Amino acid sequence: MSIIATLLRRDLAQMFGGGRRGGAVLPVLFFVAVAMLFPFAVGPDPVLLARAGGGIVWVAALLAAILPLDRLLAPDLEQGFFDQFAVRGVAEEAVVAVRLLAHWLSFGPPLMLAALPAAALLGLHADTLRTVEWGLLAGTPGLAAIGLIIAALTVSLRAGAALAGLLLIPLAVPLLIFGAGALSAGGQSGLALTAAISLLLCAITPFAGGAAIRAAREG
Amino acid sequence: MEGCRLAVNDLACRRGERVLFRSLSFDLKAGEALQVVGPNGTGKSSLLRIVAGLLAPFAGMVEREGSLGLVDERPALEEHLPLGRALAFWARIDGVRHDSHSSPSPLAGEGGAPSGAEGEGSAAPAAAGAADPSPNPLPQGERALFRCGLGLDELLDVPVQYLSTGQRKRAALARLLGQQAAVWLLDEPLNGLDAATARECERLVADHCRAGGIALIASHQPFDVPGMRQLDITLFAPPLQRMGSGWGMSAEADLPDSPHPNPSPEGDGL
């Protein structure tokens, strides 16, 4: 149990302090920047922005999820951390599960906070903002899980960073459909489906990620 | 030290299309050390990684009792952290494991006396205590680190990324000491170490074996530990590849004139 706590402490220190793993700050700034670009591109039409704004926030969140991928697992594998964990009998699954929790903590809540200024920039209504926030709460664990699986799968590839971005987008489409779909009429079921997908992905991630890391070691 | 044993039975290793070695067997009991020798690329590191359970063997099996410690070319230390804190992470991980079954520390009695006798180890704990900003008692691993005479005391505040190759290797050895594993797997432990530290490393391995541990060392450099056996991994290479893979089609024709007769799969001195 305290091994888990030690691992979590290290992961959180790396993700928040100094941004060693792409950090919590960079994706959030990127997220706000994307949300800021749309009014410039589409024009200052409050009706149009308020209608499209929820979807824009979701697209921005999805794009922000790509940023930290190449730093999530690759440095640990290169520096031999996973080998040392394995030698000590600490399962890859446990390390990945802890990493998922730390990754979401450094990604989900900051993004939900950043959705407030983004919503102001896009002129979202209060009830739309509430749905977006609930949707992000339900959807960001899924985005974090997909990101971690992809990071594990591409960890030994040379062009992994670029590939990871391309892989994440199609895999995140279901989350986007249900999460952003909750913004239109009859929204509650969309939120529930987003949460269901997230839970499923979070349950798979430690095992998929652990297997991928072991496979990368053989290479 | 806990009862430990390391037995390798009829092991074969394939990397890509090449079989590096086959029919490799040895058996190490508590207190024994074995050096695997051979030129680069003959599978020394692969053998160690198979024994560590990090690579799947192509054939054969590994039997292992006792906890495992590995030192290879990657120190597994956080690059941006000061060395002391980077080592403290592993001390916490290892400390948890040892507190849980509270095995008696082999180094507590073993390592302290010799380094104190050298006059260097006795000064080290005081200096380290003064440099350490945290008032709370040091974890087990760090105490072992200060005792081991690897000369890391002045480096504890230096970020790992500024350390030289040899200093990183010393740090990795300190991490290994803190781990208090029964079976040591050392991959080229002398790489980057100066002559004095290399002797220190040999002494650490000798102490470890005297305390009932096992050491498996892959090194192409001479490694001097009393009573250590040697295993030439090239004797286990398949005959075709021993001719040199660069020779192409003539290799097969030259096979009968091979300077190394095909060794029998069993009974290679071990």
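Chain letters run A, B, ... following the sequence lines, proteins first and then strands; every chain starts at 1. Worth saying up front: this structure is predicted, and the values here are computed from it rather than measured.
Between the CD atom of A/Glu78 and the CZ atom of B/Arg74 there is a distance of 9.5 Å, given to the nearest 0.5 Å. In this structure, CZ on A/Phe81 lies 10.0 Å from CD1 on B/Ile93, to the nearest 0.5 angstrom. Here CH2 of B/Trp90 is found 11.0 Å from OG1 of A/Thr6. Values are rounded to the nearest 0.5 Å.
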(Q) If you apply the rule side chain to side chain contact (heavy atoms under 4.5 Å, CB included), what do you find for B/Arg49 with A/Asp83, and how did you get there? (A) CA-CA 9 Å; B/Arg49 290 180 68 77; A/Asp83 289 352; 2.9 Å; yes
Q: Could you go through the side chain to side chain contact (heavy atoms under 4.5 Å, CB included) check for A/Arg10 and B/Arg92 one step at a time?
A: CA-CA 11 Å; A/Arg10 167 171 180 261; B/Arg92 273 197 300 276; over 6 Å; no
Q) Between A/Glu218 and B/Leu55, does a side chain to side chain contact (heavy atoms under 4.5 Å, CB included) hold up when you go through it step by step? A) CA-CA 6 Å; A/Glu218 294 273 330; B/Leu55 270 185; 4.0 Å; yes
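Contacts between A/Ile213 and chain B at a heavy-atom distance below 4.5 Å are absent for every atom of the residue. Contact of B/Leu81 with chain A is not made at all, since no heavy-atom distance falls under 4.5 Å. Neither the backbone nor the side chain of A/Phe82 comes within contact range of chain B, judged by heavy atoms closer than 4.5 Å.
Of all the listed residues (B/Ala56, B/Gly16, B/Gly53), the one sharing the greatest number of non-hydrogen pairs under 4.5 Å with chain A is B/Ala56.
Considering every non-hydrogen atom in both A/Val87 and B/Ala52, the closest pair reads CG2-CB, 4.2 Å. Residues A/Ala86 and B/Leu54 come closest through the heavy atom pair CB-CD2, 3.6 Å.
Heavy-atom contacts from other residues, nucleotides or ligands closer than 6.0 Å to CH2 of A/Trp134 number 12 or fewer.
Side-chain contact check for A/Arg88 and B/Gln179: at least one donor-acceptor pair (N or O, by modelled atom type) lies under 3.5 Å.
Looking only at distances, no side-chain donor or acceptor of A/Gln79 sits under 3.5 Å from a matching main-chain atom of B/Glu78.
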